[in-house]
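What follows is one structure encoded as structure tokens, with my remarks underneath.
Quick caveat: nothing in here was measured; it's all calculated off a predicted structure.
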Amino acid sequence: MPTAVLTDRQRAAVQAYLRLLHTVRAAFDGPPDTHRPPVVPTAALAEADRALAEAGLTGTEEEFFRLLGDWCPR
């Protein structure tokens, strides 16, 4: 399996995306009758957007998800 060498900004974007993903999963975990927030926390979404922009990955979802897959294989 090839190993991706991410730049600091790419790594920050991947980490911010993973934090956002974990935040969303945590919000929707639990029994069906549990209250769930209607939106993703603004700070988590803003962090991910900012990190993607700083890494030059805005609008390049295919490249970003390739990096994510290489860095965090299943």
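With rounding to the nearest 0.5 angstrom, the CG atom of L52 is 11.0 Å from the CD atom of Q10.
Not one N or O on the side chain of E54 forms a donor-acceptor pair closer than 3.5 Å with the backbone of A51.
Under the rule for a side chain to side chain donor-acceptor pair (under 3.5 Å), the partners of R19 that lie at least two apart in sequence or sit in another chain are E47.
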